[in-house]
> 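Before we start, here is the structure in question, set down as C-alpha cells.
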Amino acid sequence: MEIDFAKIEKEWQDRWEKAKTFNVNENSKKEKYYILEMFPYPSASGLHMGHALNYTIGDVMARFKRMSGFEVLYPMGFDSLGLPAENAAIKVGEHPKPFTEKAIENYTRQMKELGISYDWTKTLATMHSEYYKWNQYFFLKFLKAGLIYRKKAPVNWCPSCNTVISNEQAQGGICERCDSKIEIRHLEEWYLRTTKYADELLKGLEGLDWPDKIKAMQRNWIGKSHGVEIDFEVNNDTWSIFTTRPDTIFGVTFMVVSAQHENLMDLVTDEQKKEVEKFLKSVGSVSEKEIAELEKKGVFTGSYAINPANGKKIPVYAGNFVVADYGSGMIMAVPAHDQRDFEFAKKYGIEIRQVISGKLTKTRAWIGEGELINSCASGDAAREGHFDGLENVEAKKKIGNWLIKKKLGRNVVNYKLRDWGFSRQRYWGTPIPIIHCEKCGLVPVPEKDLPVVLPENVKFGKGNPLTTNEKWIKVKCPKCGGAGKRETETMDTFFDSSWYFLRYVDNKNNKKPFDKNKIKKWLPVDQYIGGAEHACMHLIYARFFTKALRDLKFLDFDEPFKALFNQGMLHGPDGEKMSKSKGNIVNPDEVSKKYGMDSARYFLLSLAAPDKPRDWSEKGIKGSLRFVKKIFSIFENVMFGKSSDDFVSKLNSMVKDVTEFYKSFQYRKATIKLKELFDLLIKQKEVSKEDLGISLKLLSPICPHIAEELWEKLGNKDFISVSEWPKINKLKVENKGKGTDLNLKIIEDVKYVLGKVENGNVVYLYVMPFELGKVDVGKIGKAVGKKVEIFAVNDSGKFDPEGKAKKAKPGKAGIYLG
RNA sequence: GAGGGAAUGCCGGAGUGGUCAAACGGGAUAGGUUUAGGACCUAUUGGCUUAUGCCUACGGGGGUUCGAAUCCUCCUUCCCUCACCA
C-alpha cells in the first residue's frame, strides 16, 4: 500500500492554518497552560532533526494539554540578533538583516512542515525594532533603578569576534562563539547588577519543578559560601582577605595577591618592581594557554604581611592562580593544608607549617580533618588564643569568633556569581540608548525617542561596524542640545532572551512592553523546554529579569518558569553530535519526503526517554514507518461493529496508562503502549467506531496528521487535534483479570502436587500475608479431600519443614504435604 | 577538587519490593508469501532441557526482608556539568 504522507500532511497543515485551530483564545474560560520552547537563533542552514525532536517534545505536550481541556498558549519566535548572524552574513557578503529575515522565513516554513501546533499570530523576532525598543526601555528603567552601571574592569576580549564577552561565554579562556583564545583587556563596560539578587536566585530554586541537575548547576554557579574576612596588615595598610578556613590561620606562611589586582603595584617594592613586571608580562602570555594546565606561578612583591593570629611576618607574592574579583583578590596561603598553596610553597621554598594533625607527604598537603597543633597565640594570658587539641571543624568557629572579638575579622558571605557585563562592540544587537555629551557626560536617550534604531548603513570589516556611520553617531545631547555622540556598543543577545516570554502574550503592543492584565492571565510559563546548555546563562538572566521587573512593578510573580524540561540531544547516525563539519546532519525536509513527518515524530520519541540522548538511524525510522502503515491498514480492513469486552477493558487500561505517560513526558512509554494498542486492534474481528476514535485520539499528539486523516475517514467532521481527550471507564478497566480466582488456582496446584507425591494427609498452604483472608480453606479441603492448614509466608511460627513457603507468590500458594 | 547522572539480554532500552527470564523496538535465525530484492506475516532468540521443572542472570561485595533488578551500605567503572572561588 502506498501512502502519500507528504500530501496528507500538507493538507492537514493547511486546514489547521485556515481554521486557526491552534490560535489561542484569549477570552477562553478554560484553565490556561503556557508551554514554551527556548526560541532558536535562526541559522542559515535551517532546522535539523535535533530541532525537530526538541519541538516535537513540546508539541506533544501542547496537543495533549489542548485535548485535555486547557487553553494552551504555545508560541514560537526567533532570537535573531547576535554575533553568529553577523559573522555568517559577513562571510557571504550580505547584510545581516535580509540574511536573517530569510533564515526566519525558512525556519517558519520548516516548523510548519513538522506539524508543530504553534500559534503563529504570537510570534516575534528580536531583530525588529518593535521588539528591541523594549530592551532599550528596560535598559533605561534598570539604569534609573541602579541595576545598570558602568565599570572599568578587566574583561574577556575575543580578538576574532572583536568584542568583549562575558565570563559565562569565555569559559576555559576560549570564546564560546568562535573558539578563539581570549585576551584580558581593561575597558569601561556596562554591567547589570545580577549579584543584587544572588541570594534570591539561590533560594528561589527550591520551589521550582526543574531537573535537579540544572538546579545544582545554578547553585554551583551562584556559589554561595560562608567564611570569614580577616584583616592582614601589609605595609601599615589593612588588606582584608576571605577564607572559609579560619581554622588554619596559624599555618599561614605567605600571602598571594592576584596578578590582575588593580592595587597590586602598591605592594611592590622598588627592588622587586622589575621582577614583578617581568612576571606580569609572562602571565599575559600564559593566560592564553589552556587554563586547566596552567602552572601555579608567582613572584615576591617585596612586601610582608603580619599574620594577625601570631604576629609573624610573612611574604606577599603576586600569583597567577588567584582570581582577582572573587573575595578581595588576595588570599592567605596555608601550604600544609591546601594543595595549591603546597605546590606554590615547594616551588618558591616557603615555610610549610602544619597546624592540623594528619599525614603530610612530600607531594601532598593534608586536606583532611584533624586536631589542631601549633595553633596558639603567644603572650595571650587568658589563653583565649590557644586552640591546640581542638577538632579543626570546631576550631573553624572558635577561631573565627576569636578574630571577630579581637576586631580582626568578620563573618561574610561570598558569591561566585558576578555582575553581568552585557555590552558588546558589535553591530547586530540592540543599540544601548545612551548619548555621550562632552558637557553632560552620559545622557540616557529619553523614553519618547525610543527606539534607537540600528542603522542599516554600516561598513563591516574591522572592529565595531557601528562606528562607521557618522551620521547615526552624531546627535544632539538631549539635555543641553550640544553636540553628542551615540553609544556605539550594543547589548548582548542574552538581554533579548531574558524577557521574550513576556512579550509573546502581547506581541503587538506598541505602547508598552506588555499589558499587565495579559501577563497576569498567562504568566508564569507552565512548562519550559530547552537544552541544559543554558543552565548558567539564559536561565539565570531570565530569572534575574523577572525579579528585577517585579521590583520595578512590572510583574507580580517571582519565577518565570515553573517547570523546566531538558530534552536529550539527538546524535547523528554515527553517534556523534550533529554538526555541519562532521557531515552527519539529518535534514527534516528529506526525512519528511521519504518517510513522512509523523513516522519521524514517532521514531524520535520511541528511541529513548525524551531527556536522554539518542542516535538517528535510517533503519530505525523504517520500523516506525512500518508501524504507521500498519495503522492505515487497520482502518482499511477493519469491520465496524461491536468491540469485544476484552478489547474494551484493555483499551481502557491503555487510556489510563497513555494519559499518565503524556502527562509526565514519558513519551517513549507512550509509543510502546500505542504499538501494543494497534497490534491488538489488528487482531480484532470487529471494533466499534467509538473505540477506533479513542485509539486515534491516543495517537494524535504524536502522529497528528495521520490521526486527523483517519479521524475524518471515521466520519468525523471536527478536528481530532482539538477534540476531547478520552476518559477512562473505570468499571471496564477493573473487569480485567477477574477470571482467575485464587482458590481455584490453589486447588489446581494442590491436585497437581498430590499427583506427584504419595505421602501426606495434611495440606499446608503458604500464602502472601495480604492474601490470607482471601483463601477459603474449607472449600479447598473439600475439593482435594484433605485436611488443610494455612500460614502467612512471614509467620515465624509456621510449620514448614521443607521451606515451601518460599515458593509462594502473589496468586500462587506454596504447598507442603505432610 | 565540587556537584549531578548512570551500569539490565547481541544492541537501544522498559521495569523502582512479589504475578519477571525481564515490556517495546532493533538485530539475528527459521518458515510462509514474493520472479528476485524490498515489504509483509508467523515462530524462535540465557542454559539445562521439554518439566504447571530446575539452574544462571539485572556492574561487584555486604546488609534489610518470608521475598530485592528494585531499599540500605561500601566498592568499581562510565558519562555530564562546573572548576586555580581560597
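All chains are named by letter (A, B, ...) in the order of the sequence lines, taking the proteins before the strands, and each is independently numbered beginning at 1. Below, all heavy atoms of this structure are taken into account, side chains as well, without hydrogens, waters or symmetry copies.
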> Tell me: CZ of A:Phe232 to P of B:A86, nearest whole Å?
16 Å
> Choosing from B:G12, B:C24, B:A86, which nucleotide comes nearest the side chain of A:Glu676?
B:C24
> The side chain of A:Arg668 is closest to which nucleotide in this list: B:C84, B:C24, B:G12?
B:G12
> What distance, rounded to whole Å, do you find between the two P atoms, one in B:G59 and one in B:C11?
13 Å
> Taking the minimum atom-to-atom distance to the side chain of A:Ala216, which one of B:G3, B:C24, B:A86 wins?
B:G3
> Taking the same atom, P, in B:G46 and in B:G25, what whole-Å distance lies between them?
16 Å
> Write down the distance between CZ (A:Phe603) and C1' (B:G25), rounded to a whole number of angstrom.
10 Å
> Treating a pair as Watson-Crick (purine N1 to pyrimidine N3 plus N6-O4 or O6-N4) or G-U wobble (N1-O2 and O6-N3) with both distances under 3.5 Å, list the stems of 3 or more consecutive pairs that involve RNA chain B.
B:1-7 with B:76-82, B:10-12 with B:24-26, B:27-32 with B:40-45, B:46-48 with B:53-55, B:59-63 with B:71-75
> When you compare B:G38 with B:G32, how far apart are their P atoms, in angstrom units rounded to a whole number?
16 Å
> Judged by modelled atom types alone, do A:Glu618 and A:Tyr595 share a side-chain donor-acceptor pair under 3.5 Å?
yes
> Are the aromatic ring centres of A:Tyr348 and A:Tyr317 under 6.0 angstrom apart?
yes
> Choosing from B:A14, B:C84, B:A86, which nucleotide comes nearest the side chain of A:Thr244?
B:A86
> Could you work out the separation of B:G18 and B:A69 based on their C1' atoms and round it to a whole Å?
13 Å
> With a 4.5 Å heavy-atom cut-off, do A:Phe232 and A:Met255 have their side chains touching?
yes
> Does one side chain, of A:Asp247 or A:Asn392, offer a donor that lies under 3.5 Å from an acceptor on the other?
yes
> Among the nucleotides B:C41, B:G3, B:A23, which one has an atom lying closest to any side-chain atom of A:Lys630?
B:C41
> Base, sugar-phosphate, or nothing for A:Lys215, non-hydrogen atoms under 4.0 angstrom?
nothing
> With salt bridge (charged side-chain N to carboxylate O under 4.0 Å, His left out) as the test, would you mind laying out the steps for A:Glu676 and A:Lys673 before giving the verdict?
CA-CA 5 Å; A:Glu676 259 178 68; A:Lys673 273 285 166 207; 3.8 Å; yes
> Between A:Ser225 and A:Tyr326, is the side-chain hydrogen bond (donor to acceptor under 3.5 Å, both in side chains) condition met? List the steps.
CA-CA 11 Å; A:Ser225 62; A:Tyr326 180 75; 3.1 Å; yes
> With P as the reference atom in both, quote the distance from B:U81 to B:C10 in angstrom, rounded to an integer.
31 Å
> Could you work out the separation of B:G13 and B:G26 based on their C1' atoms and round it to a whole Å?
11 Å
> When the ring centroid of A:Tyr667 is compared with that of A:Phe661, is the distance short of 6.0 Å?
no
> Does A:Tyr766 put a side-chain nitrogen or oxygen below 4.0 Å from OP1 or OP2 of B:C66?
no
> Under 4.0 Å from OP1 or OP2 of B:A86: is there any side-chain N or O of A:Ser225 that close?
yes
> Among the nucleotides B:C82, B:A86, B:C41, which one has an atom lying closest to any side-chain atom of A:Asn220?
B:C82
> For A:Lys683 and A:Met217, take the nucleotide of RNA chain B holding the closest heavy atom to each; which residue's nucleotide lies nearer the 5' end?
A:Lys683
> When rounded to the nearest Å, what value does the distance between C1' atoms of B:G9 and B:A22 take?
9 Å
> Ignoring hydrogens and geometry beyond distance, is a side-chain donor-acceptor pair present between A:Asp231 and A:Thr238 at under 3.5 Å?
no
> Once you round it to whole Å, what is the distance between P of B:C82 and CZ of A:Arg219?
17 Å
> Between A:Asp199 and A:Lys203, does any side-chain N to carboxylate O distance fall below 4.0 Å?
yes
> Which nucleotide, B:A14, B:G4, B:G27, lies nearest any side-chain atom of A:Lys619?
B:G27
> Of the candidate nucleotides B:C84, B:A23, B:A14, which contains the atom at the shortest distance from the side chain of A:Phe321?
B:C84
> Between A:Gly327 and A:Gly620, just flag the one whose closest nucleotide in RNA chain B comes earlier from the 5' side.
A:Gly620
> Would you indicate which nucleotide in B:G27, B:C82, B:A86 comes nearest to any side-chain atom of A:Val323?
B:A86
> Figure out the CG/P separation between A:Leu674 and B:G25, and round it to whole Å.
13 Å
> Which nucleotide in the set B:G5, B:A14, B:C82 lies at the smallest distance from any side-chain heavy atom of A:Ala609?
B:A14
> Mind checking the P distance from B:U76 to B:G67? Whole angstroms is fine.
29 Å
> Remember a base hit wins even if backbone is also touched, and classify A:Leu607 as base, sugar-phosphate or nothing at under 4.0 Å, heavy atoms.
sugar-phosphate
